[in-house]
Amino acid sequence: MKKLLTLAAILFAISGCSGQQGAIGEPVNVKSLAGDSKITDVRPADAMPVYPAKGSAIERNFAEQPPLIPHKDDYKITKDKNSCLSCHSWDKAPRMKATPLAKSHVIDDKGTLNGHNYFCTQCHVAQAENKTPIVENQYGK
Ligand code: HEC
Ligand code: HEC
């Protein structure tokens, strides 16, 4: 019985290993985002992103899309402070002429932000004018 168990264990281990290797001999073609340049080449720097100076809301492409950020997005979000709230919190938004936090982001009728929506740039991305995009946008193609 013990021998049988040992044999079973060995067989299991072998099948486990071969499973991990996947299709043997198939090349994995991973193309670098930097293109065909060699690692030793010094690639010219990408163009600096140019954000709209005074952005207004960008049209959404589908329902429930996190709206794109129509301005720069390097406002600090740390454990203690979320700078996005200095314009988008419910009490500051009207004065800053910014859209207040979505109702789905708050837990009460005073606009207290919930924990799930704290890291704004996890979902909202800034839209910038970059002269040389590295990767073409394939969305909707
Ligand atoms: C100095 C004020 C200010 C700060 C700070 C700020 N915003 Fe804005 N934001 C605005 C204004 C003004 C608009 C344009 C009006 C609008 O659509 O809300 C805007 C628009 C947006 C929109 C588009 C809203 C829509 O309905 O399309 C999003 C999303 C957004 N901001 C997210 C952020 C995030 C995330 C941060 C932090 C990284 C941030 N904002 C920081 C002022 C600010
Ligand atoms: C988990 C993803 C997620 C995070 C994190 C998040 N949002 Fe959103 N946000 C969304 C989605 C999805 C929508 C559109 C649907 C909705 O209104 O709930 C939205 C909508 C908005 C709107 C437009 C509201 C309106 O009435 O049109 C603003 C402004 C906004 N978010 C700001 C922020 C700010 C500021 C933060 C950080 C404090 C943040 N969001 C964090 C997903 C997110």
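Note that ligands are numbered from 1 as they come in the structure, with each ligand's atoms numbered from 1 the same way. Residue numbers run from 1 in the order of the sequence given.
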Asker: Testing the basics here: between N82 and C84, what is the closest heavy-atom pair and its distance to 0.1 Å?
Answerer: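 Heavy atoms of N82 and C84 come nearest at OD1-N, 3.0 Å.
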Asker: Would you mind finding which of C120, P66, S83 brings a heavy atom closest to atom 11 (C) of ligand 2?
Answerer: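 The nearest heavy atom belongs to P66.
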Asker: At what distance, to the nearest 0.5 angstrom, does OH of Y118 lie from NZ of K79?
Answerer: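 So the gap between those two atoms works out to 9.0 Å.
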Asker: So if you build clusters from Ile, Leu, Val, Met, Phe, Trp, Tyr with side-chain heavy-atom gaps below 4.5 Å, do W90 and L113 land together?
Answerer: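 Linked, W90 and L113 end up in one cluster.
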Asker: How long is the span from the NE2 atom in H71 to the OG atom in S56, to the nearest 0.5 Å?
Answerer: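 The distance works out to 11.0 Å.
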Asker: So is L68 touching ligand 1 or not, going by heavy atoms under 4.0 Å?
Answerer: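 Flag set, L68 near ligand 1.
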Asker: Output the atom name for the N/O/S atom of H124 with the smallest distance to atom 8 (Fe) of ligand 2.
Answerer: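 Nearest to atom 8 (Fe) of ligand 2 within H124's N, O and S set: NE2.
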Asker: So which heavy atom in the protein is nearest atom 10 (C) of ligand 2, and how far is it from that ligand atom?
Answerer: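 Residue, atom and distance for the closest contact: H105 CE1, 3.4 Å.
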Asker: Taking both backbone and side-chain atoms into account, decide whether H88 has an N/O/S atom under 2.8 Å from atom 8 (Fe) of ligand 1.
Answerer: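 Yes.
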Asker: Provide the closest heavy-atom pair for D108 versus G111 in the form atom of the first, atom of the second, distance.
Answerer: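 Heavy-atom minimum between the residues: OD1-N, 3.1 Å.
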Asker: Given S56, P67, C84, identify the one with the heavy atom nearest to atom 38 (C) of ligand 1.
Answerer: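 Heavy atom nearest to atom 38 (C) of ligand 1 belongs to C84.
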Asker: Is the backbone of A98 close enough, under 3.5 Å, to the side chain of H88 for a donor and an acceptor to pair up by distance?
Answerer: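 Flag not set: sc H88 to bb A98 has no pair under 3.5 Å.
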Asker: Answer whether the closest heavy-atom distance between the side chains of I69 and V125 falls below 4.5 Å.
Answerer: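 Answer no - side chains too far apart.
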Asker: Quick one: nearest non-hydrogen protein atom to atom 15 (C) of ligand 2, plus distance?
Answerer: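 The answer is E64 OE1, 3.9 Å.
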Asker: Check ligand 2 against S104 and write out every atom of the ligand that is under 4.0 Å from a heavy-atom position of the residue.
Answerer: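 Near S104, the atoms of ligand 2 are 16 (C), 18 (O).
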Asker: Can you give me the closest heavy-atom contact between Y51 and D73, atom names plus distance?
Answerer: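 Heavy atoms of Y51 and D73 come nearest at OH-OD1, 3.7 Å.
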Asker: Which atoms of ligand 2 are found less than 4.0 Å from any heavy atom of T99?
Answerer: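 In order of numbering, the contacting atoms are 24 (C), 25 (C), 26 (O), 27 (O), 29 (C).
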Asker: Among all protein heavy atoms, pick out the one at the shortest distance from atom 41 (C) of ligand 2; state its residue, atom name and that distance to 0.1 Å.
Answerer: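 Checking every protein heavy atom, the shortest distance to atom 41 (C) of ligand 2 gives N117 O, 3.2 Å.
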Asker: Measuring only between side-chain heavy atoms, which start at C-beta, is S83 closer than 4.5 Å to K76?
Answerer: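 In short, these two side chains touch, coming nearer than 4.5 Å.
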Asker: Show the atoms of ligand 1 that are less than 4.0 angstrom away from any heavy atom in K97.
Answerer: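 Counting atoms of ligand 1 from 1, those under 4.0 Å from K97 are 12 (C), 15 (C).
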Asker: Among all protein heavy atoms in this structure, tell me which lies nearest to atom 35 (C) of ligand 2, with the distance rounded to 0.1 Å.
Answerer: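 Of every protein heavy atom, L101 CD2, 3.4 Å lies nearest to atom 35 (C) of ligand 2.
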Asker: Measuring to atom 8 (Fe) of ligand 1, does C87 have an N/O/S atom at a distance below 2.8 Å?
Answerer: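 No, since none of the N, O or S atoms of C87 sits under 2.8 Å from atom 8 (Fe) of ligand 1.
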Asker: Using a strict 4.0 Å cut-off to heavy atoms of P70, name the atoms of ligand 1 that fall inside it.
Answerer: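 Near P70, meaning under 4.0 Å from one of its heavy atoms, ligand 1 has 20 (C), 21 (C), 22 (C), 23 (C).
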Asker: Tell me the closest heavy-atom pair linking P67 and H124, and the distance in Å.
Answerer: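 Heavy atoms only, the tightest pair is O-ND1, 2.8 Å.
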Asker: Provide the closest heavy-atom pair for N61 versus Q65 in the form atom of the first, atom of the second, distance.
Answerer: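 For N61 and Q65, the tightest heavy-atom pair comes out as N-OE1, 2.6 Å.
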Asker: For the residue pair D80 and T78, confirm or rule out a side-chain donor-acceptor distance under 3.5 Å.
Answerer: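 No, no side-chain donor-acceptor pair sits under 3.5 Å.
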Asker: What do you reckon, does A93 put a non-hydrogen atom under 4.0 Å from ligand 2?
Answerer: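 The answer is no: ligand 2 sits nowhere under 4.0 Å from a heavy atom of A93.
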Asker: Does L101 reach the side chain of N117, with side-chain heavy atoms less than 4.5 Å apart?
Answerer: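 Not in contact.
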Asker: Go through ligand 2 atom by atom and flag the ones less than 4.0 Å from a non-hydrogen atom of P100.
Answerer: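 Reading through ligand 2 atom by atom, the close ones are 24 (C), 29 (C).
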Asker: Identify, by atom number and element, the atoms of ligand 2 in contact range of N82, meaning under 4.0 Å from any of its heavy atoms.
Answerer: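 Going through ligand 2 atom by atom, the ones under 4.0 Å from N82 are 38 (C).
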Asker: Which atoms of ligand 2 are found less than 4.0 Å from any heavy atom of L113?
Answerer: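 So the atoms of ligand 2 that pass are 38 (C).
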Asker: I'd like to check which ligand 1 atoms, numbered from 1 as shown, lie under 4.0 Å from a non-hydrogen atom of A98.
Answerer: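 Reading through ligand 1 atom by atom, the close ones are 10 (C), 11 (C), 18 (O), 42 (C).
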Asker: Nearest to atom 27 (O) of ligand 2, what protein heavy atom do you find, and at what distance?
Answerer: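 Protein heavy atom with the smallest distance to atom 27 (O) of ligand 2: R60 NH2, 2.8 Å.
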Asker: Given S86, G115, A102, which has its nearest heavy atom closest to atom 17 (O) of ligand 2?
Answerer: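 The nearest heavy atom belongs to A102.
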Asker: Give me the residue, atom name and distance of the protein heavy atom closest to atom 14 (C) of ligand 2.
Answerer: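 Here the closest protein heavy atom is Q65 O, 3.4 Å.
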Asker: Nearest protein heavy atom to atom 39 (C) of ligand 1, by residue and atom, and its distance?
Answerer: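 Minimum-distance protein heavy atom for atom 39 (C) of ligand 1 reads H71 CE1, 3.2 Å.
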Asker: What distance do L68 atom CG and I58 atom CD1 have between them, rounded to the nearest 0.5 Å?
Answerer: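 L68 CG to I58 CD1: 5.0 Å, rounded to 0.5 Å.
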Asker: Which atom names give the shortest non-hydrogen contact between C120 and I77, and what distance separates them?
Answerer: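 It is N-CD1, 3.9 Å.
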Asker: Atoms of ligand 1 less than 4.0 Å from A57 heavy atoms?
Answerer: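 Contacts of ligand 1 toward A57, numbered from 1: 17 (O), 25 (C), 27 (O).
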Asker: Can you name the atoms of ligand 2, numbered from 1 with element, that are less than 4.0 Å from a heavy atom of C123?
Answerer: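 That gives atoms 1 (C), 2 (C), 3 (C), 4 (C), 5 (C), 42 (C), 43 (C) of ligand 2.
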